[in-house]
Protein chains: 2
Amino acid sequence: MSVGIRHDDLRRRNRAMVISAVRRAGQPSRTEIAATTGLSHSTISAISADLIQEGILTESKASEPTALKRGRPQIGLALNPEAAAVLTVVLSLNFLSVAVIDYAGQVIAEEQRRLDTLVMPRDELIGECLAIVRRRLQDPDLDVGSVARIAMGIQGITDSHARAMLWSPITPLTDIPFADILEREFGIPATMENDCNMMAVALRWRDPERYRDNFIAILLSHGIGMGLVLKGELFTGTHSSGGEFGHMIHRPGGALCRCGRRGCVEAYAGNYAIWRSAMGISEDAAPTDVGDADMRALATKARQEDGPEREAYRRAGEALGFGLGSLFALIDPAPVAMVGVSAAAFDLIEPALREAIAQTAGGQHSNSISFDTEPNELPLIREGCAMRALTFVDQEIFAPGVQAKVGATGKNVA
Amino acid sequence: MSVGIRHDDLRRRNRAMVISAVRRAGQPSRTEIAATTGLSHSTISAISADLIQEGILTESKASEPTALKRGRPQIGLALNPEAAAVLTVVLSLNFLSVAVIDYAGQVIAEEQRRLDTLVMPRDELIGECLAIVRRRLQDPDLDVGSVARIAMGIQGITDSHARAMLWSPITPLTDIPFADILEREFGIPATMENDCNMMAVALRWRDPERYRDNFIAILLSHGIGMGLVLKGELFTGTHSSGGEFGHMIHRPGGALCRCGRRGCVEAYAGNYAIWRSAMGISEDAAPTDVGDADMRALATKARQEDGPEREAYRRAGEALGFGLGSLFALIDPAPVAMVGVSAAAFDLIEPALREAIAQTAGGQHSNSISFDTEPNELPLIREGCAMRALTFVDQEIFAPGVQAKVGATGKNVA
DNA sequence: AGTATTTTTTTGAGGCTCGAAAAAAAGCCT
DNA sequence: AGGCTTTTTTTCGAGCCTCAAAAAAATACT
């Protein structure tokens, strides 16, 4: 069942530790790394010498402020941008974007494209994704061999092993094993990630102070999604990407949801639900697409006067509040980031949300629960994919395989 | 942040692996352990020799069926029952029980006592717990020094570090740091565990086939509790023991719950809620204690005729079903064990539960979701505490500290 | 220029795991 | 019975890895 630790794992893991320390800290010195990893100076010295020799790290006499200190100046270690590259693919409603990112995390090329994802047949959708990736890989400026990993992000449900898209609101198609497709086509390891999970990953890199071990990223857009980090780990379901906060039940038998069921949180707080409610359309009406501009206009109207628009946001806040209350009953309160178009209307949502959450057992001390907003989800998703891919590369590069050293010790005496 | 692996950790962890392999497998041979841990025979041999020499394991020419096989017969390794002992304390409504368990997991002494937990003042409640433990420790048959750990289980919410009871339905008192109190009094490391978590731990030991990496244990009793195992790990909240399934919101603003809020799952499915509903008492009425016998009578009545009793169970099933649907939206479906008095009435609950769950996004393929029932929670809780304590001992004994070996190698030549 | 201070590298020692070979402990076969 | 086969367990040498201490390196201070 559980597996013992082999002797050679040790080096591999400690190399991983060093690389990740460098990625997190920017330009730490060896001494700094020794302090954060708890390993001895000699070990760090040996490992970083290897990594530099292998071209993964570089020395950079960085820190000018060090000039003030006494003693031998520290030598900063940095990731070698040319050590590898990764490619991110983000597929969202009617929109496909690709970026190439170097090992240090800088974008070195990108491309975007509009598609009619809702009506495209399977082959065409897959074909467009492959084509845009192929174009980036054929860029003469890019050393193709250096692309070590592809991370694809998509709105919707993916499987828990990050191999396939199981269901997505952007297309009627289901069960597309994008990771396998990309790997087969390009011979580059790939993963298929859930959009909200990537938002959470990105938030942690952007603001590790606030988003450290436990936090929640909620996407308030056409649908309602969630990325959840618990005890420092990205939470996933047992089979799927899980965390389908939007499909927790708010009112049994209530409003019609895009998923076909009734009473989901999303059926009250998704863009289409807010729109439906504001326009006085029946809760039984099929969800319709609402553009971002329309949603912004709706929010403006709601701010101007107390009418059905404001009431629609209030009801959205209520649904989100009770949903969060249930969630907090399970995992305890944690900082929340609201992302997406409707996050820009969070001022309209927050009062009812807080009122609702205060009525739940999970929402004890609801005043101490803090919300942050970020209206633009796409950059977050791409950043998350990039960091995820880079982290994978980190974990593979330091798995050095068996190094064949010339062992010429012919000891003949028994 | 993350910490590197030191060289000496390696042996410690592999010792842990061996001990846990023996605890799981019963009487495995060295070869068997090598297979399950993935370590080499020589390593297993060295480690088990140490463990035997230290009195933690014993050799037992066990397996008679081996007589049929050719070759050198396997030597079974077993836990030495005398290597240590642990003590479990289980505090539930009006009831306190203690057991002493040897290192192999056999109960060697126990004691039980009735108390009026609901009205006892703080000092008295703590005093009774200490007294009953002291009596067991003073048992002349017991080698006190061998008691290596105390695990206390309690109905209610504990903190995520298993140190204190934060809130419990069995007493109006809050925030009692039982773990610290026990440690201070007896000088033995202690933990304070949540009852439902211990149920889950016990289920996994009882039936590792069914309850392996992902499953849910739900307590259907006066209150509704949950123990959750995800990806092989016991799930806890970020601050508290978490997993308060009973206080997820079923109907916003609905029936009055024991926690003081409205509309919690428990306010429809707890014993008091079923009783209240069956008796036609208002949903706003304060929860009352209902005895187990009364609940059994209620179930009998409900089976006999289609009246308010049956309707009460139906409503309980509905609440549990929608609650599970929301839970499954977050974590995906998993096997469920229903534990407690009302688990014996699960036949009355199941139809409405399945109907409700089928109406949720989380309950897709609801037919494949399987339920098992176990009416008696106390034995499970005690077993769970015992295994938890023993596992802790496993993890401590193999942390050998620095063994002072006589290193008489005086190498003088530079 | 010499001293102090801090960082990095080198070196030797001690541990750990592994693979191969040897030893041990049976059953099987003639 | 005695030798052969089979399987398990132990032993042994080799190769790594980490650590602590010492040495070397690089700069500021006096």
Side-chain angles (χ1 to χ4, degrees), chain A residues 3-15 17-18 28-35 37-50 52-53 59 61-64 66-77 400 402-414, chain B residues 3-15 17-18 28-35 37-50 52-53 59 61-64 66-77 400 402-414:
Chain A
V3 156
I5 303 176
R6 319 285 265 344
H7 199 220
D8 29 331
D9 283 351
L10 215 148
R11 207 13 163 355
R12 208 170 48 78
R13 294 207 202 185
N14 286 342
R15 282 168 64 106
M17 210 69 70
V18 171
S29 69
R30 291 167 174 79
T31 308
E32 227 167 295
I33 298 173
T37 60
L39 296 170
S40 71
H41 286 190
S42 27
T43 302
I44 300 300
S45 190
I47 290 177
S48 46
D50 284 357
I52 289 170
Q53 205 253 310
E59 288 191 340
K61 305 239 163 29
S63 14
E64 339 286 296
T66 317
L68 300 174
K69 283 174 62 185
R70 234 168 129 110
R72 178 170 176 173
Q74 303 189 347
I75 304 172
L77 294 177
V402 182
Q403 290 214 348
K405 291 204 174 178
V406 185
T409 319
K411 197 175 183 185
N412 297 323
V413 187
Chain B
V3 155
I5 302 178
R6 320 285 264 343
H7 200 220
D8 29 331
D9 283 352
L10 216 147
R11 206 16 161 355
R12 207 171 48 76
R13 293 208 202 186
N14 286 341
R15 282 169 62 107
M17 210 69 69
V18 171
S29 68
R30 291 168 175 79
T31 307
E32 228 168 295
I33 298 173
T37 59
L39 296 170
S40 72
H41 286 191
S42 26
T43 302
I44 300 300
S45 191
I47 290 177
S48 47
D50 284 357
I52 289 169
Q53 205 254 311
E59 288 191 339
K61 304 240 163 30
S63 14
E64 339 286 296
T66 317
L68 300 174
K69 285 174 61 187
R70 235 166 128 111
R72 179 172 174 170
Q74 303 189 349
I75 304 172
L77 293 178
V402 182
Q403 288 213 348
K405 290 201 176 181
V406 185
T409 320
K411 198 175 182 184
N412 297 324
V413 188

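Bear in mind that the values here come from a model prediction, so they are computed numbers and not experimental data. Sequence lines set the chain letters: A, B, ... in the order given, protein chains first and strands last, and positions in each chain run from 1.
- With hydrogens and angles ignored, the 3.5 Å screen pairs a side-chain donor or acceptor of A/T37 with a backbone N or O of A/I33.
- Axis orientation changes by 20° from one end of the helix from C/dA1-D/dT30 to C/dT30-D/dA1 to the other, with each end axis drawn from 5 pairs and the value rounded to 10°.
- Checked against side chain to side chain donor-acceptor pair (under 3.5 Å), A/T43 has the following partners two or more places apart in sequence or in another chain: A/S40.
- Contact annotation: B/S42 side-chain N/O to C/dT17 OP1/OP2 distance is not under 4.0 Å.
- Atom CZ of A/R15 is separated from atom C1' of D/dT18 by 16 Å (rounded to the nearest Å).
- Considering CE of B/M17 and CZ of B/R13, their distance stands at 8.0 Å, rounded to 0.5 Å.
- Separating the CD1 atom of B/I52 from the P atom of D/dT9 is a distance of 10 Å, rounded to the nearest angstrom.
- The CG atom of B/D9 sits 10.5 Å away from atom CG of B/N14, with the distance rounded to the nearest 0.5 Å.
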Can you tabulate the close N/O pairs, meaning under 3.5 Å, that link protein atoms to atoms of nucleotides 5-8 of chain C?
from, atom 1, to, atom 2, distance (Å)
C/dT5, O4', A/R70, NE, 3.2
C/dT5, O2, A/G71, N, 3.4
C/dT6, O2, A/R72, N, 2.7
C/dT7, OP1, A/Q74, NE2, 3.0
C/dT7, O4', A/R72, O, 3.2
C/dT7, O2, A/R72, NH1, 3.3
C/dT8, OP1, A/I75, N, 2.8
C/dT8, OP2, A/T31, N, 3.0
C/dT8, OP2, A/T31, OG1, 2.5

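- Between A/D9 atom CG and D/dT18 atom C1' there is a gap of 16 Å when expressed in whole angstrom units.
- Between A/N14 and D/dC17 there is no side-chain N or O to OP1 or OP2 distance below 4.0 Å.
- At C/dT17, one or more side-chain N or O atoms of B/R11 fall inside 4.0 Å of OP1 or OP2 (strictly under the cut-off).
- For the pair B/M17 CE and C/dC16 P, the computed distance is 16 Å after rounding to whole Å.
- Residues satisfying the side-chain contact (heavy atoms from CB on, under 4.5 Å) criterion with B/S48, sequence neighbours excluded, are B/R30, B/I44, B/L77.
- Nearest to the side chain of A/S40, among D/dT18, C/dT11, C/dC18, sits D/dT18.
- Qualifying side-chain contact (heavy atoms from CB on, under 4.5 Å) partners for A/S29, counting only residues two or more places apart in sequence or in other chains: A/T31, A/E32, A/Q74.
- A straight line from CZ of A/R13 to C1' of C/dT17 spans 15 Å, rounded to a whole angstrom.
- To the nearest angstrom, P of C/dC16 lies 14 Å from CG of B/L39.
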